[in-house]
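Written below as structure tokens is the structure these notes are about.
Remember, it's 1-based here, ligands and their atoms both numbered in the order they're listed. All values below come from the heavy atoms of this structure, side chains included, with hydrogens, waters and symmetry mates left out.
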Amino acid sequence: MKILVVEDEHTLCDDIAEDLELERYTVERCYDGLEAWEKLLVESYDLAILDLNLPGMDGLDLLRHVRREKHELRILILSARSALEDKVAGLDLGADDYLTKPFALEELEARVRSLLRREYSPRNPTVTVGALVLDGQKREIRANGAPLTLTYKEFGILEYLMLHPEKPVSQEELLEHIWETDSNSFSHSVRMHISSLRKKLRAVLGYDPITTRIGHGYCLEVTP
Ligand code: CA
């Protein structure tokens, strides 16, 4: 799951990004509205956290532009503008949620989880694929009941595959959703992490639930 944090107060932006990285999300930071607009147009993010008072382009303008192009993107507004009319304007322009500064990071985490949980079923934050159980609340994956010890990338890949079971997922798609945009990562990097992930899964399950469909990508099978 990839999140863009748009906030011109560097310390706050960094605090948010570091906090969400600990929650195993891939996070990118942006300190300028116009730059954010360019990134949002080109990259695939699952969620954008937007400040309203931004240099380059105002947050509400940014929101208006982004909504026109990206219907699927979830947007959380973060702002000191606590006036009701700003909240209403933000939500009317298509923001999914609104958090007023100052806020506790725990509350932000909870809102992020709730927004991204729409990938999961609305009432159940767990997803089961064969012997694997993904807990979107605890941000952990269990295999045969035991929690897997995964690196950030391995977790990101397996989470993505579990949310799209029995559907081939290409290396490009994984790069888009799990790797940072400026990471200069290529497909061999995906292959490397897939290979170590497979090793860990095989060790616990006794088989490898990920198949490679030539020309299409990786596929997480429900039945071995
Ligand atoms: Ca600001």
Inset, instruction - For residues Leu41 and Val66, determine if any side-chain heavy atom of one lies less than 4.5 Å from a side-chain heavy atom of the other. - result: no
Legend entry - N, O or S atoms of the protein lying under 3.0 Å from the Ca ion (ligand 1): Asp8 OD1, Asp51 OD2, Asn53 O
Legend entry - Value rounded to 0.5 Å, distance of CD in Glu221 from OH in Tyr207: 10.5 Å
Inset, instruction - Ignoring hydrogens and angles, tell me if any N or O in the side chain of Arg191 forms a donor-acceptor pair with the backbone of Ile194 under 3.5 Å. - result: no
Inset, instruction - Using modelled atom types only, decide if a donor and an acceptor are shared between the side chain of Arg29 and the backbone of Cys13 within a distance under 3.5 Å. - result: no
Legend entry - Criterion salt bridge (Lys or Arg N to Asp or Glu O under 4.0 Å) against Glu159, the qualifying member of Arg24, Lys2, Arg139: Arg139
Inset, instruction - Report the C-alpha distance between Arg64 and Glu69 in whole Å, list the side-chain angles of each, state the deciding distance to 0.1 Å, and finish with yes or no for salt bridge (charged side-chain N to carboxylate O under 4.0 Å, His left out). - result: CA-CA 9 Å; Arg64 190 175 295 119; Glu69 304 289 333; over 6 Å; no
